[in-house]
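A short write-up of the structure that comes next.
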Amino acid sequence: MNSQDATQRFVDAVRRDANAGVDLDGAIDWQAVLGQLGDGPYAADLFNVLCDRVDDFPGAIGILSDLLAGLSDVAAAQETVGALCAIDPPQSLIPAFFETLRKLVHDRDKHYGARVAALRGALYLAQFKPSFLRRLEADLLDLDPHDDPQFLRHAAAVIGLVAAHKPDDEFLGLLRSLADIPEATDEAAYALGLIDLGAALGERDRDRAADRFASAKGWFERSADARAVRPDARLFISVIGILLSFATGEPPSSIRQHLPGLRESLFHQLSLILPHDGRPTDRSWIGQGAVEASHWAMVGLTLSNLADNMDRDAWLRPIIVIENELFLLLSASRTLFRRTSAGGFEATISPRIEMHFVVEKTKLSLLDQWLETKSCDRWGDEARRLRRGIESRLEALANRSPPDAADGASPLVAIETSEAVGESDKAAVRALMAEADRIFSVATSDPIANSILEDMLLRMRRNQDFETYGEAAALFATILRVTLRFVVNRDNAQEDPASRYLFDRTNAGPKESALHADYMNALRLSDLACVCVKEPQDVGGGRADVQFLHGRTTIVCECKRTFANEGNDRAAVRFGGQLTAYQLSSVTFSALLILDLFDRRGNSEHLRKRASVEFVMHEGTEYALAIFRLQGRRKSPSKLKV
């Protein structure tokens, strides 16, 4: 085969995504290949093919380096660097890749987007060798403040990652100077907020930790004010607001006011960047931001739940409160934030918890009974620390000498009245939360989804239990709204780590677990976060995928996949038996979420055909099933044909 034919055959194979069938013929003209594929929509595909087969042809290092060096198209650069950050590159390629990307970063003739992508790739590779990280740190410290402002904005985010990983005075000074550049303010301020947050976690002293948390909140507020779309910054504003409100003894109603903003911010933060399996977008500490954000959101939600429970005279389910809320929070530094010991977070929240048990002697007795069984398990250290704190307060109360007494005004009172958590700031945040809730709800932002939801609720009136039990009907209506919003969001998702399973066109297809995990992520960020349980045991003699528990009402939702070309009516017949079995002693309605893997040439039916209420008979009783089909085996819109 001559060179021209071999080259064209290789190019065609890459364009067909036929990695397994690519023939690395020795006659291939690699410069011609780079000319056709190296800086366009197939650049990342070419990169993956060559990396996979790097040992199969000579000159691989030079060809791959030329590919990276030639990137100027922003989309091609981002996709190619994304492919690099998703793998552990062969050790032989790392030095050449790193130096090539460093040169691309400094090439001001390139678009800033391509330079930013190169900077991200260089940061990823720098983690493989300490000397590379030092070289990259020197490059960052030598940044020209007169460089392209948009490049400086993204560079500030990278500097923040490096500084948060290993704080350094020079980097802190650089970030503060970048915060004064309008285009870079939001990223630099956000990075400084993360650094203060990390410092707060490391503090043992409660007052200094609270000051650090307040300082972090101030930086996040500056970041959010500098740019309209900063769900990450707004998430931390809400969480720290909950933390400081809890620490200063504010009532549960005040703490709950932070929750709408927290849930919406986390939903929009994670929906685009977190894969369905909950792992970071690359296998390094760079990709831990998404996971860390979800942990902080869980802390905020749990603090709110604990405040609610502490406000009650009695705990109906004390073991759940103590184990799933109280000790989850008191062990957060070690379990969620990956630190070796308790720190500023526990120091900030512990005084209110300890005083609660001092006042509520009945709950203290419950706690003591529980602690007797936990002295040797994973909660042992936290249990002993909490009991010592309570004992200290009981002794101090008898001696009229509170352990946190101060010469002047209480530090917590000072924090409560400080500018960081002042009433004007709270009012502004509350208004922002209300606006976010108004904008992003299905009923106001998507008229088609709203119409479908109305039709489903009208159909549900045929079900006697739905008409009779108002509490159950309200819960089910919320399940329909949240699930419909989940389907709408996934219908409009691009091919990214969070939605990759929807674009999986292999013969085996994605597993049901991918849909299940993605759906649970959405539920945990919704109004249903406190009432949904994943895979509960002993439901109708089996194990349901998701169970919703509220008051006396129990409703299940199953996640299934199908390769059949069938509508919702046939799906109701096919899966209805399992769903009705879960509801034999509860209301006669439930939900079914289906991953539709029938190949519609990469396209999908309209939402109206995929969301409906169907009815099935079981042993003389009619059951209502709310069915949602989420289309899989999709292609990006640019690859579709009518």
Side-chain angles (χ1 to χ4, degrees), residues 30 34 38-39 43-44 46-48 50-51 54 59-166 168 170-171 173-175 177-178 181 184 187-188 191 281-287:
W30 291 110
L34 292 177
D39 192 30
L46 176 61
F47 179 85
N48 281 326
L50 297 182
C51 278
V54 69
I61 295 178
I63 295 168
L64 282 163
S65 296
D66 288 345
L67 169 60
L68 292 176
L71 292 172
S72 58
D73 179 83
V74 175
Q78 291 174 344
E79 291 176 0
T80 305
V81 170
L84 169 63
C85 292
I87 64 173
D88 291 329
Q91 291 295 314
S92 61
L93 299 179
I94 291 176
F97 282 3
F98 179 71
E99 291 302 329
T100 300
L101 291 172
R102 279 185 68 203
K103 292 177 182 177
L104 182 54
V105 169
H106 294 289
D107 188 352
R108 294 197 186 185
D109 291 333
K110 301 278 190 180
H111 188 279
Y112 78 85
R115 296 172 63 199
V116 167
L119 182 58
R120 177 194 170 199
L123 176 60
Y124 176 73
L125 294 173
Q127 295 167 92
F128 289 94
K129 194 172 182 180
S131 62
F132 288 174
L133 186 57
R134 295 295 178 267
R135 269 181 263 173
L136 183 61
E137 288 173 350
D139 290 343
L140 293 172
L141 289 173
D142 286 337
L143 279 179
D144 183 353
H146 301 293
D147 205 331
D148 187 321
Q150 292 300 326
F151 172 75
L152 292 176
R153 174 178 182 264
H154 292 278
V158 173
I159 294 168
L161 280 172
V162 174
H165 183 64
K166 187 177 180 181
D168 183 279
E170 284 77 11
F171 278 113
L174 178 58
L175 284 171
S177 65
L178 289 173
I181 299 175
E187 287 289 1
T281 50
D282 62 49
R283 294 190 275 262
S284 70
W285 49 263
I286 298 174

Next on the checklist: Between L119 and L136, does the side-chain contact (heavy atoms from CB on, under 4.5 Å) criterion hold? Intermediate values first, please.
Outcome noted: CA-CA 9 Å; L119 182 58; L136 183 61; 4.0 Å; yes

Next on the checklist: Quick one, F47 with F97, criterion ring-ring contact (aromatic ring centres under 6.0 Å, His included). Give me CA distance, side-chain angles, the key distance, then yes/no.
Outcome noted: CA-CA 12 Å; F47 179 85; F97 282 3; 5.7 Å; yes

Next on the checklist: What verdict does the side-chain contact (heavy atoms from CB on, under 4.5 Å) test give for D139 and H106, after you've listed the backbone C-alpha separation in whole Å, the side-chain angles of each residue and the deciding distance to 0.1 Å?
Outcome noted: CA-CA 9 Å; D139 290 343; H106 294 289; 3.6 Å; yes

Next on the checklist: Using side-chain contact (heavy atoms from CB on, under 4.5 Å), reason through L101 and Y124 one step at a time and then give a plain yes or no.
Outcome noted: CA-CA 11 Å; L101 291 172; Y124 176 73; over 6 Å; no

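Looking only at side-chain heavy atoms (C-beta outward), L143 and F151 come within less than 4.5 Å of each other. Side-chain contact between F171 and L140: present, with at least one pair of heavy atoms (C-beta onward) separated by less than 4.5 Å. The side-chain heavy atoms of L125 and L84, taken from C-beta on, include a pair separated by under 4.5 Å. A heavy-atom distance below 4.5 Å is found between the side chains of P95 and F132.
Taken from CG in L133 to CZ in F128, the straight-line distance is 12.5 Å, to the nearest 0.5 Å. I94 CD1 to I61 CD1: the interatomic distance, rounded to the nearest 0.5 Å, is 11.0 Å. The distance from atom NZ of K103 to atom NZ of K110, rounded to the nearest 0.5 Å, is 13.0 Å.
When all heavy atoms of G38 and L71 are compared, the pair lying nearest together is O-CD2, 3.6 Å. Pairing each heavy atom of V81 with each of A118, the nearest pair is CG2-N, 4.3 Å. When every heavy atom of A114 is checked against every heavy atom of V74, the shortest pair comes out as N-CG2, 4.1 Å. Summarising the geometry of T100 relative to S65, their closest heavy-atom pair is CG2-O, 3.5 Å, with the distance given to 0.1 Å. The nearest pair of heavy atoms linking D147 to R115 is OD2-NH2, 2.9 Å. Smallest separation of non-hydrogen atoms from L68 and L104: O-CD2, 3.8 Å.
Within the structure, no pair that satisfies the salt bridge (charged side-chain N to carboxylate O under 4.0 Å, His left out) test touches residues 62-79, not counting sequence neighbours.
The side-chain hydrogen bond (donor to acceptor under 3.5 Å, both in side chains) search around D39 returns S72, not counting sequence neighbours. Residues passing the side-chain hydrogen bond (donor to acceptor under 3.5 Å, both in side chains) test with D148: none are found, sequence neighbours excluded. When the side-chain hydrogen bond (donor to acceptor under 3.5 Å, both in side chains) test is applied to D144, the partners found at least two apart in sequence or on another chain are R108. Residues passing the side-chain hydrogen bond (donor to acceptor under 3.5 Å, both in side chains) test with E99 are R102, R135, sequence neighbours excluded.
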Without placing hydrogens or testing angles, list every side-chain donor-acceptor pair under 3.5 Å for residues 152-163, not counting sequence neighbours.
unit_1: R153; atom_1: NE; unit_2: D186; atom_2: OD1; d: 3.0
unit_1: R153; atom_1: NE; unit_2: D186; atom_2: OD2; d: 3.2
unit_1: R153; atom_1: NH2; unit_2: D186; atom_2: OD2; d: 2.7

